[in-house]
Amino acid sequence: MSALSTDWIEPARDRVRVFAQYDHAFEEKADVVVVGSGPSGAVAAFELAAAGHDVILLEEGPPFTVRDFELDGNLSMTRTMREGGLRMTRGTTMPTMQAVALGGGSLVNSAICVRPPDSVFDRWATRYDLERTDRAHLDPHFDAIADFLGIAPTPEEVQGPRNLLFRDGCDQMGVSSEPISRNVKGCRGSGECFTGCRSRAKQSMDVSYVPAALRAGARVFTSVQVQEIRRSGRRVTGVSGQVVAPFTHGAAKGRSHRFRIEAKAVVLAAGCTATPVLLQHSDDLANASGQVGENLQFHPGVAIAGVFPEAVQPQFGATQGYQSLAFLDEGFKLETLWAPPPLLALRFPGLGEELQARFAELPNMAIFDAIASANRSLGRVRKRFRSLEPVLEWQLHPDDVAILRRSLHVIAQIFFAAGARKILPGVSGIPHELTNIEDAAVLDSSAVKVGNLVMGGNHVFCTTRMHGDPTRGVVDEDGRCHDLENLYIADTGIFPQCPSVNPMFTGMALARRQAIALSERL
Amino acid sequence: MLTGLIIVGLLMAAGFALHRRGYAGYAPAPAGLAILHRGEAAFVDAVAEVLFPAGGGLALSGIDAQLPHSIDRHLVALPWRQRAQIRLLLGAVEHITLVLPSEEPGGRGRFSSLSAASRIALLDRLSRHRFGLLRLLMTALRSVFVLGYLGHPANLHGLSLAPFEIELGVSEAELLFPRVGGLVSSIAFGPEDLNVAEYREPLRPDGERHRAYARTAATQTGRAKR
Ligand SMILES: Cc1cc2nc3c(=O)[nH]c(=O)nc-3n(C[C@H](O)[C@H](O)[C@H](O)COP(=O)(O)OP(=O)(O)OC[C@H]3O[C@@H](n4cnc5c(N)ncnc54)[C@H](O)[C@@H]3O)c2cc1C
Ligand code: SF4
């Protein structure tokens with residue numbers, strides 16, 4: 001029960017706009033307009049509002065209340081994800097998901113919050129001329145966010161067997177592992193972070209920073225798609241766009257009233273795949289360096305299902321409760337994973353009764369995954385003709401294939417050390433099932449080719465990268481565009497390279513820092 | 001004049017052949033489909049029957065799981081581009097026999113007209129084909145079907161994988177935002193309804209499963225057995 005005063009709720013409701021309310025075109029003014037309510041945008045909006053500025057936060061997606069969550073994983077994706085959850089990269093084909101909802105990716109993600117190690121920031125500093133982007137400078141921001149969101153290691157009582165088997169396997173192998181720190185309060189272990197937390201334990205932005213921003217006086221307009229950033233000389237003057245109905249995937253049909261917001265500063269936090277497209281649509285804004293949309297990076301992920309002799313009851317437990325950072329230097333991070341079973345089963349091999357037999361083994365399964373620091377695998381984001389949906393071109397580099405092979409092999413070893421009866425590697429071209437550690441060696445061999453890997457990449461970076469040199473990057477260390485005095489970018493696109501760990505926390509820390517810097521300049 | 005007549009005749013013949021191949025001879029579509037036409041529905045059932053046969057250890061077979069309906073719901077919810085891609089995929093495999101004929105007599109007929117043995121053999125061939133594109137086609141097709149089949153509440157419930165029955169959380173978000181599509185004035189919650197807390201009792205691994213899943217499982221499995 002909340003012991004805090006709730007007097008602020010009524011006036012805050014008046015500052016919220018939802019689709020059903022828009023009945024005419026509108027214009028507004030603010031000190032700052034923030035585009036996108038994901039982790040980065042929500043933090044920026046809150047910090048600026050808390051500092052006393054008049055802030056408007058714009059979000060294309062609708063707010064989801066707890067009764068709006070769809071339990072069917074497939075239908076849930078069509079409502080919460082861009083392109084109905086079926087977005088793919090071209091080049092090396094890989095599914096990638098970006099959310100469209102109040103709260104952005106935080107609504108559907110697993111709430112994993114990890115600070116990158118010093119080695120990541122050292123690399124960033126030396127290669128990208130950065131002086132203040134290290135743990136010493138960012139830790140105060142990480143700390144403030146951790147306090148606010150209650151970030152803490154996942155307690156044992158909500159781990160469930162599925163997560164603890166990972167710990168056991170790592171212990172057996174002498175590999176360090178630890179409970180994952182997450183932005184949750186009162187997690188009940190329902191394992192359904194992907195379709196939205198019905199317990200409202202997950203501190204996604206729509207239940208944390210966005211309400212806090214409203215409380216601090218911000219206005220929050222949902223179901224509005226920004227289509228253009230308006231500019232005059234070296235300054236931007238605001239944004240304009242159109243109202244879009246929920247679940248129409250950006251097709252501004254029917255009630256498509258136009259809007260325009262004038263502001264002293266604009267913060268773009270539309271996400272790493274949307275922000276560059278918005279800039280390209282706005283007359284190739286902020287692109288003197290030629291880097292807008294370039295350098296696209298992912299953490300490509302691979303996963304293995306392990307089948308245990310006894311029931312694991314995998315539906316119970318924190319969605320992702322355990323991790324190992326022991327292999328970061330080798331280029332990968334290991335985690336446990338759960339998702340709606342039909343999505344997990346997509347990678348199961350076989351047809352007919354063979355396939356059904358694998359479904360029937362799901363109650364005895366756990367899934368472990370690896371995300372790779374694939375910073376040699378590059379791509380780019382391009383706008384499509386008359387659409388704000390991006391084209392994502394990306395190519396997995398052979399050196400990064402080697403990292404993924406090695407990670408698959410380590411996962412297999414952990415499974416067998418934990419007592420798995422067999423594993424389903426989900427890699428075509430090698431046996432569907434492996435039943436012992438010797439056979440699993442095939443995973444770290446040339447039999448595993450790019451085209452055989454089943455990957456997913458939901459961590460996306462670098463398309464508007466931060467660089468001390470204006471000719472080689474889009475924004476400076478405060479997130480301000482080198483080319484414009486009052487245009488800021490605050491999403492994972494500003495990372496100069498992939499962060500090697502889950503990106504949300506770093507995105508929020510950088511957003512907080514830049515919101516404070518912007519606040520001082522206003 | 002004669003040339004014109006010949007061209008019109010050829011066009012009509014081509015149109016007739018296309019109509020026969022694409023639309024004629026299908027049984028009427030089941031009631032309640034918003035997007036799939038009768039040919040697509042027949043194709044979906046033809047795949048479902050062999051991909052998820054009866055007696056395969058799950059609560060429902062592919063046919064009992066009524067995949068035309070779940071795939072139709074999925075299509076309705078998708079953006080037009082992805083919807084078109086999936087419909088193209090269904091059409092491509094229905095007519096893939098034109099380039100990969102089955103060995104049975106009439107093996108160039110539509111996929112849905114083949115015997116069960118030929119259908120599963122053809123799917124197997126596609127999944128192992130040396131051309132990556134054909135393998136990709138099969139992976140995509142399989143995904144559409146697995147999502148519908150395993151996602152059926154009766155199948156998930158039967159495997160004890162249905163979502164938990166949970167007391168819904170009421171957070172500040174429920175006080176600030178209406179349900180999708182509603183007006184702010186329709187918000188039903190007030191401060192007295194807030195029930196989120198720093199600590200909540202964890203669920204039990206064998207705890208009660210979502211009632212709607214249990215209900216569907218009871219009715220559908222009963223119907224399938226009859
Ligand atoms: C399934 C899944 C699980 C994940 N799990 C984790 C995890 O556990 N931990 C972790 O660290 N990371 C995780 N990630 C990644 C993480 O969620 C993202 O890195 C993070 O959300 C990025 O934050 P952001 O603010 O940069 O952008 P986003 O979260 O993408 O937010 C951008 C927002 O801008 C809005 N927007 C876009 N264009 C416009 C426009 N034109 N007008 C108005 N609004 C617009 C979007 O609708 C969106 O809400 C996961 C991602 C996914 C998809
Ligand atoms: S595991 Fe369940 S209760 Fe815990 S944060 Fe995720 S969805 Fe919420």
Side-chain angles (χ1 to χ4, degrees), chain A residues 1-2 6 9 12-13 16 18-21 62-68 71-75 78-79 83-84 86 102 150 157-158 160 185-186 188-190 192 197-201 206-207 211 214 246-247 249 313 315-316 340-342 345-346 351-353 355-357 359-360 362-363 451, chain B residues 50-53 56-58 73-74 77-79 81-82 120 123-124 127 132 135-136 142-143 146-148 150-151 155-156 159-161 163-164 166 168-184 187 191 194-207 210:
Chain A
M1 245 26 82
S2 171
T6 47
I9 295 273
R13 270 184 197 169
V16 173
V18 292
F19 177 72
Q21 261 166 290
F64 282 74
T65 65
V66 75
R67 285 181 170 70
D68 295 309
L71 290 172
D72 178 315
N74 194 22
L75 290 180
T78 63
R79 291 154 64 104
E83 303 186 40
L86 302 180
L102 189 70
E157 59 178 1
V158 292
K185 290 178 182 168
R188 305 193 67 202
S190 66
E192 60 184 19
C197 180
R198 283 181 294 150
S199 304
R200 284 305 204 185
D206 54 323
V207 306
L214 278 162
F247 314 142
H249 305 281
Q313 294 175 308
Q315 197 69 14
F316 173 71
L346 293 180
L351 301 170
E353 285 179 6
L355 180 57
Q356 286 167 305
F359 295 159
L362 265 160
Chain B
V50 294
L51 203 51
F52 313 117
L58 269 73
R73 276 196 301 278
H74 187 203
L78 281 173
R81 196 190 302 267
Q82 284 68 27
I120 194 71
L123 294 180
D124 190 41
S127 62
R135 289 202 307 275
L136 196 67
R142 223 166 152 278
S143 303
V146 167
L147 289 170
L150 189 57
N155 281 337
L156 283 178
L159 293 171
S160 305
L161 293 172
F164 287 97
I166 286 178
L168 296 182
V170 179
S171 68
E172 285 172 355
E174 277 62 47
L175 272 56
L176 289 166
F177 311 119
R179 289 197 62 170
V180 174
L183 284 164
V184 173
I187 296 173
L194 286 171
N195 66 1
V196 288
E198 294 285 325
Y199 177 81
R200 301 285 304 276
E201 194 68 33
L203 298 164
R204 285 198 340 270
D206 60 351
H210 199 284

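Just so it is clear: chains get the letters A, B, ... in the order the sequence lines come, proteins before strands, and each one is counted from 1.
In this structure, A:L346 and B:L147 have side chains that are in contact, with non-hydrogen atoms separated by less than 4.5 Å. The shortest distance between side-chain heavy atoms of A:L355 and B:F52 falls below 4.5 Å. Contact of the B:I166 side chain with the A:E192 side chain is registered, since non-hydrogen atoms from C-beta on lie closer than 4.5 Å. Inter-residue side-chain proximity for A:D68 and B:F177 is flagged as unmet; no heavy-atom pair is nearer than 4.5 Å. Using a 4.5 Å heavy-atom cutoff, the side chains of A:P341 and B:L159 are not in contact.
Contacts of B:V50 with chain A are made by backbone atoms alone, with heavy-atom separations under 4.5 Å and no side-chain atom involved. Proximity to chain A is absent for every atom of B:L136, based on heavy atoms less than 4.5 angstrom apart. Within the 4.5 angstrom heavy-atom criterion, no atom of B:N155 approaches chain A. For A:P63, the parts lying near chain B are the backbone and the side chain together; criterion is any non-hydrogen pair under 4.5 Å.
The two residues A:Q356 and B:L58 have their closest heavy-atom pair at O-CD1, 3.5 Å. B:P205 approaches A:Q313 most closely through the heavy-atom pair CB-OE1, 3.4 Å. Closest heavy-atom contact between B:G182 and A:A20: O-CB, 3.6 Å. Residue B:L176 comes nearest to A:I9 through the heavy atom pair CD2-O, 4.0 Å, listed as atom of the first residue, atom of the second, then distance. Taking all atoms of both residues into account, the shortest heavy-atom contact from A:V207 to B:A173 is CG1-CB, 3.8 Å. Closest non-hydrogen pair, B:P163 versus A:R198, comes out as CB-NH2, 3.7 Å.
In this structure, CG on A:L86 lies 5.5 Å from CD on B:Q82, to the nearest 0.5 angstrom. A distance of 13.5 Å separates CZ in A:F247 from CG in B:L78, rounded to the nearest 0.5 Å. Between atom NE2 of residue B:H74 and atom CG of residue A:D72 there is a gap of 8.5 Å, rounded to the nearest 0.5 Å. Note that CD of A:E157 and CG of B:L203 are 11.0 Å apart. Values are rounded to the nearest 0.5 Å. Considering CD of B:E174 and CG of A:D206, their distance stands at 8.0 Å, rounded to 0.5 Å. Taking CG of A:L351 as the start and CZ of B:R142 as the end, the distance is 6.0 Å to the nearest 0.5 Å.
Ranked by heavy-atom pairs under 4.5 Å with chain A, the list B:H210, B:R135, B:R81 is led by B:R81. Ranked by heavy-atom pairs under 4.5 Å with chain B, the list A:S199, A:G160, A:G189 is led by A:S199. Across A:T78, A:N74, A:L71, the residue that shares the most heavy-atom pairs under 4.5 angstrom with chain B is A:N74. Among the candidates A:A201, A:P62, A:S190, the residue making the largest number of heavy-atom pairs closer than 4.5 Å to chain B is A:S190. The candidate from A:G352, A:G73, A:G84 with the greatest count of non-hydrogen atom pairs under 4.5 Å with chain B is A:G352. The choice from B:L183, B:V180, B:V170, B:V146 that makes the most heavy-atom pairs within less than 4.5 Å of chain A is B:V180.
A donor-acceptor pair under 3.5 Å is absent between the side-chain atoms of A:Q21 and the main chain of B:V184, judged by distance alone. A:R200 contributes no side-chain N or O that, together with a main-chain N or O of B:L168, makes up a donor-acceptor pair within less than 3.5 Å. B:R179 contributes no side-chain N or O that, together with a main-chain N or O of A:T65, makes up a donor-acceptor pair within less than 3.5 Å.
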